[in-house]
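What follows is one structure encoded as structure tokens, with my remarks underneath.
In this chain, numbering begins with 1 at the start of the sequence shown. These numbers were taken from a predicted model, which means no experiment stands behind them.
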Amino acid sequence: MTSASTMTNSQNITQATEALERDMQAWDLSDSPPPALLIQTPPHPPPSPQLLQDPTGSGLCEETIIDIKLATHHMVMLALNAFLQETCGCRTAQPSQVQHSCLLELPEYYFDTYYDDVMLRLKTDRFIRAIRLFVRSYTVDGTGTQFSRIAEHTMTELRSSQHIVCAINDNIAQLLEASRYARRVKPAMLRMIGNYWTGRHLV
């Protein structure tokens with residue numbers, strides 16, 4: 001029998017999902033921002049073919065694969081930051097994961113060592129929902145099962161990274177560079193699904 005608390009949690013997730021979907025519909029994803037708003041950055045090297053490949057043979061289009069991997073990388077970083085804040089003893093008032101100083105001081109193969117601990121924090125009820133919300137902003141391609149399989153494969157690949165923070169940042173930059181649609185809007189969309197995943201998105 002379903003408890004009242006479980007039903008309430010499910011309703012909260014559903015309401016937050018609907019609210020985020022409404023927010024995403026307000027974004028104009030078809031055009032780039034005015035030139036005055038663009039920040040000039042050095043060009044990134046082209047992404048490796050492996051990074052853009054469909055590791056599961058799902059048949060999804062390349063842009064959908066890119067979006068699934070972008071969302072997965074972003075939330076892995078958030079979960080890693082959450083684990084660090086719980087275990088390292090230091091605190092930061094900054095909400096951004098890149099401003100947590102311990103991320104710059106991780107030993108080699110840290111993610112592999114603490115993989116299971118990070119996964120416990122990452123795989124909440126909102127994890128696949130957040131990926132779906134990000135992908136659905138641009139396409140109706142794919143199912144939750146396909147998203148889950150590609151996300152799992154992406155996390156397994158990251159597990160072998162010698163320096164996890166550098167690997168995530170480099171991969172996100174290359175995936176954004178390879179994206180053909182709304183690439184300048186996607187970082188903001190990633191922050192939105194990150195807030196949804198952590199439960200900070202207001203209903």
Between CG on residue Leu78 and CE on residue Met75, distance to nearest 0.5 Å
8.0 Å
Enter the distance from Ser137:OG to Arg132:CZ here, rounded to the nearest 0.5 Å.
12.5 Å
With sequence neighbours left out, the residues meeting side-chain hydrogen bond (donor to acceptor under 3.5 Å, both in side chains) with Thr64 are Asp141
Taking the side chain as every heavy atom from C-beta outward, state whether His73 and Asn169 have any pair of such atoms under 4.5 Å apart.
no
Please determine if Arg129 forms a cation-pi arrangement with Tyr196, meaning its NZ or CZ atom is less than 6.0 Å from the six-membered ring centre and no more than 45° off the ring axis.
no
Would you say Leu60 and Ile68 make side-chain contact, with heavy atoms under 4.5 Å?
yes
Within a strict 4.5 Å, meaning less than it, do heavy atoms of the Leu70 and His74 side chains meet?
no
Inter- and intrachain pairs under side chain to side chain donor-acceptor pair (under 3.5 Å), touching residues 113-123, at least two apart
Glu86-Arg121, Lys123-Glu152
Is there a donor-acceptor contact under 3.5 Å from the side chain of Ser148 to the main chain of Gly144?
no
Given the rule that I, L, V, M, F, W and Y join up when any side-chain heavy atoms are under 4.5 Å apart, are Ile128 and Ile65 in one cluster?
yes
Taking all non-hydrogen atoms of both residues, which atom of Ala71 and which atom of Phe134 are closest, and how far apart?
CB-CD2, 4.1 Å
How far apart are the closest heavy atoms of Phe111 and Arg159, and which atoms are they?
CD2-CA, 3.6 Å
Within a strict 4.5 Å, meaning less than it, do heavy atoms of the Leu158 and Thr72 side chains meet?
no
Can you tell me how far CG of Asp170 sits from CG of Leu175, rounded to the nearest 0.5 angstrom?
11.0 Å
With a 4.5 Å cut-off on side-chain heavy atoms, are Lys186 and Asp67 touching?
yes
Inspect the surroundings of CZ in Arg149 and state if more than 12 heavy atoms from other residues, nucleotides or ligands are less than 6.0 Å away.
no
CG on Leu122 to CZ on Phe127, rounded to 0.5 Å:
4.0 Å
Nearest 0.5 Å, what's the CG-CD distance between Asn171 and Gln174?
6.0 Å
Can you name the closest pair of heavy atoms from Ser161 and Tyr109 and give their distance?
O-CD2, 3.6 Å
List the steps, then state whether side-chain contact (heavy atoms from CB on, under 4.5 Å) holds for Leu120 with Phe83.
CA-CA 9 Å; Leu120 285 174; Phe83 174 67; over 6 Å; no
Given the rule that I, L, V, M, F, W and Y join up when any side-chain heavy atoms are under 4.5 Å apart, are Ile193 and Leu176 in one cluster?
yes
Please step through side-chain contact (heavy atoms from CB on, under 4.5 Å) for the pair Val118 and Met155, ending with a clear verdict.
CA-CA 11 Å; Val118 176; Met155 293 182 292; over 6 Å; no
Flag yes if Leu106 and Ile168 sit in one hydrophobic cluster, no otherwise; membership is Ile, Leu, Val, Met, Phe, Trp, Tyr, and two members link when side-chain heavy atoms are under 4.5 Å apart.
yes
Answer with yes or no whether the hydrophobic clustering places Ile131 together with Met119; edges join I, L, V, M, F, W, Y residues whose side-chain heavy atoms lie under 4.5 Å apart.
yes
Nearest 0.5 Å, what's the CG-CG distance between Leu80 and Leu84?
5.0 Å
